[in-house]
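Below: the structure, in structure tokens.
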Amino acid sequence: MQILDGKSTALAVREELKKAVEDRKSKGQKIPHLVAVLVGNDGGSLTYVGAKVKACKEIGFDSTLIHLSENISEKELLEQVEKLNKDSDVDGFIVQLPLPKHIDEKKITLAIDPKKDVDGFHPNNLGNMVLNLPCFLPATPAGMMELLRRYEVETAGKHCVVIGRSHIVGSPMSILMARNTSPGNATVTLAHSRTKNLKELTLQADIIVSAIGQPNFLTADMVKEGAVVLDVGITRVEDSSKKSGYKLLGDVDFEQVAPKCSFITPVPGGVGPMTIVSLMMNTLKAMELRGDNLSAN
Ligand code: GUN
């Protein structure tokens with residue numbers, strides 16, 4: 001069994017990005033600028049956005065956090081998005097989800113200029129992804145693909161079961177794994193809350209991606225020997241022994257499942273760090289391609 005170490009892989013990618021920034025600086029070129037918009041004070045979102053902004057600063061990107069009140073109106077948020085679309089210093093920006101209930105997430109997503117949509121959530125980017133055309137890929141699936149690429153995990157012809165059909169993770173991951181690319185070329189089953197006999201499916205899977213946010217959901221009896229398991233779950237559970245007061249749990253019963261696997265991601269230190277570097281890779285790409293067409297992924 002080999003650990004797919006997202007932490008060390010992300011560090012390697014960060015070093016590459018750092019070099020790219022230094023190179024640009026030495027030539028007197030602009031450095032990438034990512035803006036993260038956070039509405040309200042959701043604990044998880046505060047942590048994730050904070051980590052994204054900090055990671056950008058560490059590799060020499062410019063990054064700005066725009067923290068708005070929970071009570072901001074949809075119109076005001078749309079105005080903020082428009083301002084960022086027009087700001088020539090901003091290469092890419094994200095609006096952290098979820099948004100407060102009185103704001104329509106779809107409207108906000110649609111308002112973001114696809115060329116600055118480094119989350120890859122705009123329908124233009126998602127549509128281009130399906131067609132294997134140039135686009136920004138959503139960060140979490142892109143991070144998993146990068147991890148598979150760097151560990152040279154064989155995916156062609158394999159049966160991949162993705163559990164969870166969220167717009168952010170499960171659905172795009174199912175598309176990326178099925179595309180005629182490497183990694184990719186897998187035969188994909190997308191399982192969700194209405195799926196019957198999930199265990200029958202996962203037992204046939206060479207690759208399992210679990211993205212439902214239910215701790216210890218995937219148990220050893222659901223996994224065949226030699227499977228590759230990618231765990232996207234990051235559920236916060238109270239833990240007084242931790243400084244933060246909580247610990248993060250994945251969807252996978254790691255202790256029992258890991259010995260059966262050929263490759264597995266841990267939580268924390270697996271998919272999470274890769275998500276952040278994907279966002280930074282997208283931001284660098286957004287800057288390099290300004291006024292240009294996006295290059296193919
Ligand atoms: N909420 C959970 N994951 C994400 C993400 O990747 N991007 C944004 N904008 N919001 C999120």
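Since the model is a prediction, treat every value here as computed from it, not as a measurement. Numbering of residues begins at 1 and proceeds along the displayed sequence. Remember, it's 1-based here, ligands and their atoms both numbered in the order they're listed.
- Lys52 has its side chain out of reach of Met280: every pair of non-hydrogen atoms, C-beta onward, lies at least 4.5 Å apart.
- Distances below 4.0 Å separate heavy atoms of Lys52 from the following atoms of ligand 1: 5 (C), 7 (N).
- Scanning all protein heavy atoms for the shortest distance to atom 4 (C) of ligand 1 gives Gln96 NE2, 4.0 Å.
- Here the rule is side chain to side chain contact (heavy atoms under 4.5 Å, CB included) with Ile66, and of Val95, Leu84, Leu38 only Leu84 fits it.
- Defined by atom type and a distance below 3.5 Å, a donor-acceptor pair is present between the side-chain atoms of His67 and Asn41.
- Between Ile94 and ligand 1, not a single N/O pair is under 3.5 Å apart.
- Remark: ligand 1 and Leu97 share an N or O pair separated by less than 3.5 Å (distance only, no angle test).
- Looking at Lys116, Arg24, Lys30 one by one, the single match for salt bridge (charged side-chain N to carboxylate O under 4.0 Å, His left out) with Asp91 turns out to be Lys30.
- A distance-only check finds a donor-acceptor pair linking the side chain of Asp117 to the backbone of Phe121 [under 3.5 Å].
- Comparing heavy-atom distances from atom 8 (C) of ligand 1 across Ile234, Ile168, Asp42, Asp119 singles out Asp119 as nearest.
- Residue Phe121 approaches ligand 1 through these ligand atoms, each under 4.0 Å from one of its heavy atoms: 5 (C), 6 (O), 7 (N), 8 (C), 9 (N).
- Contact annotation: for Thr140 versus ligand 1, there are no heavy atoms closer than 4.0 Å.
- Side-chain contact of Thr47 with Arg236: a donor-acceptor pair under 3.5 Å is present, judged by distance alone.
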